Amino acid sequence: MGFAEQRYTVNLSILFTELPLLERPAAAAAAGFTAVELWWPWVDSPTPPRSELDALRGSFEDAGVRLTGLNFYSGVLPGPDRGALSIPGEEAERFRANVDVVAEFAESVGCGALNALYGNRVAGVDPAEQDALALDNLVLAARAADRIGAILLIEALNKVESPLYPLVSAPAAADVVDKVNEASGLGNARFLMDLYHLSMNGEDLPRVIAEHTGRTGHVQIADNPGRGVPGTGAVPLEDLLDQLGKAGYEGLVGLEYKPGDRPSSEAFEWLPREARAARRGR
């Protein structure tokens, strides 16, 4: 198939970050994209003022792009945090306060995928306690997603950059997906297959695709090393995306890479402009 046969969504939390948040959707549209995704942009607030939510919604509408994926509140990201839902105390409370805010906003813009980062291990806290808290909060998030017809994504990160994050392999994240689906009875939890993170972990990517595509709700890409533009590293991304398609994956591919020492608008030369619009999909 090749890169040009896929359908893409641009992550505005890692690309176009040289611009203010509200200018990024228009910049993505100017580059030829019609779909975007976003980490939770208010790192200090799980419940921002409605005026800020309205302004963000308006930026998508004005640019003519669709928000296809949104993270729940995850703490300071980018930064030291990797999620809040398994952190006892204030952070877990902030996550719970954020769940309905995210679901309401996602519904208002037609966003069908909500990503819940698990959170780091906390020194002095029993991992079993964190896992029990995580399951409760993930079920809460799954129910909120289900109410708006969305899926809940659970992501594996890499142990090099996220040494305190417990889900650092495809099987670990997939196991949590299965536990959430069993506990909620909804079946709307899915694996977020980030090929960059999995490659950093040294996983057998063709095997991951063969074993986990059936439970995968979203795919993200960047090359490795460097989390750079496709083609700048050693990950055979084009071949892997072809394998995903043959294994039955029909969703969008999230572009979650660093543009390098240049404006983000110049970091898409690997992808023909006519192939950038998300013609179909979630």
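From a predicted model like this one, the values you see are computed outputs, not experimental measurements.
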*Check G2 against D242 and note the closest heavy-atom contact, atom names and distance.*
N-OD1, 3.0 Å

_Residue E90 excluded, over 12 heavy atoms near CD under 6.0 Å_ = no

_With sequence neighbours excluded, residues passing ring pair (Phe, Tyr, Trp, His ring centres under 6.0 Å) with Y165_ = none

*By side chain to side chain contact (heavy atoms under 4.5 Å, CB included), which residues pair with P80, not counting sequence neighbours?*
V76

*Heavy-atom count around E182 CD within 6.0 Å, excluding the residue itself: above 12?*
no

N/O donor-acceptor pairs under 3.5 Å from side chains in residues 102-113, not counting sequence neighbours:
from	atom 1	to	atom 2	distance (Å)
E104	OE2	R50	NH1	3.4
E104	OE2	R50	NH2	3.3
S108	OG	R57	NE	2.8
S108	OG	R57	NH2	3.2
S108	OG	F105	O	2.7

_Reported CG-to-CG distance for the pair L153 and L70, which is rounded to 0.5 angstrom_ = 10.5 Å

*For the pair T9 (side chain) and V36 (backbone), establish whether a donor and an acceptor sit closer than 3.5 Å, ignoring hydrogens and angles.*
yes

*List the atom of R276, the atom of F33, and the distance in Å for their closest heavy-atom pair.*
O-CD2, 3.3 Å

*Checking side-chain contact (heavy atoms from CB on, under 4.5 Å) against I221, which of V253, L240, D194 comes through?*
V253

*asked:* For E256, is there an ion pair with R227 - N to carboxylate O distance below 4.0 angstrom?
replied: yes

Please report, to 0.1 Å, the donor-acceptor pairs under 3.5 Å made by any side chain of residues 131-145, with sequence neighbours excluded.
from	atom 1	to	atom 2	distance (Å)
D131	OD1	Y118	OH	2.8
D131	OD1	R121	NH1	2.9
D131	OD1	R121	NH2	3.1
D131	OD2	R121	NH2	3.3
N137	OD1	R96	NH1	3.3
N137	ND2	L85	O	2.8

*Could you name each residue pair satisfying salt bridge (charged side-chain N to carboxylate O under 4.0 Å, His left out) that touches residues 164-175, not counting sequence neighbours?*
D175-K179

*Can you measure from CG (L56) to CZ (R24) and round to the nearest 0.5 angstrom?*
10.0 Å

*So, for R82 and S162, which heavy atoms are closest and what is the spacing to 0.1 Å?*
NE-OG, 2.7 Å

*Tell me, which pairs form a salt bridge (charged side-chain N to carboxylate O under 4.0 Å, His left out) where one or both residues lie in residues 29-39, sequence neighbours left out?*
none

_All side chain to side chain contact (heavy atoms under 4.5 Å, CB included) counterparts of D62, not counting sequence neighbours_ = none

*Shortest non-hydrogen separation from R215 to A174 and the atoms involved*: CD-CB, 3.4 Å

_In one Ile/Leu/Val/Met/Phe/Trp/Tyr side-chain cluster, 4.5 Å: F268, V65_ = yes

_Apply side-chain contact (heavy atoms from CB on, under 4.5 Å) to residues T34 and R66 and explain how you reach the verdict._
CA-CA 6 Å; T34 59; R66 183 165 59 99; over 6 Å; no

*Name all residues meeting the salt bridge (Lys or Arg N to Asp or Glu O under 4.0 Å) criterion together with R147; count only those two or more places apart in sequence or in a different chain, and write none if there are none.*
D100

*Please name all residues satisfying side chain to side chain contact (heavy atoms under 4.5 Å, CB included) with R207, sequence neighbours left out, ordered by chain then number.*
D204, E211

*So, S169 versus E203: side-chain donor-acceptor pair below 3.5 Å or not?*
no

*If a pair satisfies ring pair (Phe, Tyr, Trp, His ring centres under 6.0 Å) and one of its residues is in residues 74-104, list it, with sequence neighbours excluded.*
F72-F95

*What are the two closest non-hydrogen atoms of P25 and S59, and how far apart are they?*
CG-OG, 3.5 Å

_Any donor-acceptor N or O pair under 3.5 Å, side chains Y249, Q243_ = no

*Please name the pair of heavy atoms, one in R94 and one in S45, separated by the smallest distance, quoted to 0.1 Å.*
NH2-N, 3.9 Å

*To the nearest 0.5 Å, how far apart are CG in L117 and CG in L157?*
6.0 Å

*Output the distance between atom CG (L15) and atom OH (Y257), rounded to the nearest 0.5 Å.*
5.5 Å

*What pairs with F60 under ring pair (Phe, Tyr, Trp, His ring centres under 6.0 Å), at least two apart in sequence or on another chain?*
none

*Transitive ILVMFWY side-chain link L38 to L255, under 4.5 Å*: yes

*Residues two or more places apart in sequence or in another chain: which of them pass side chain to side chain contact (heavy atoms under 4.5 Å, CB included) with L164?*
N120

*How far does CG of L19 sit from CG of L21, to the nearest 0.5 angstrom?*
10.0 Å

*Could you tell me the separation between the CG atom of N98 and the OG1 atom of T47, rounded to the nearest 0.5 Å?*
8.0 Å

*Any chance you could lay out the side-chain hydrogen bond (donor to acceptor under 3.5 Å, both in side chains) test for N115 and N71, step after step, and finish with the verdict?*
CA-CA 4 Å; N115 185 25; N71 282 22; 3.2 Å; yes

*For Q6 and L237, what are the C-alpha separation, side-chain angles and deciding distance, and is it a side-chain contact (heavy atoms from CB on, under 4.5 Å)?*
CA-CA 12 Å; Q6 309 295 332; L237 290 170; over 6 Å; no

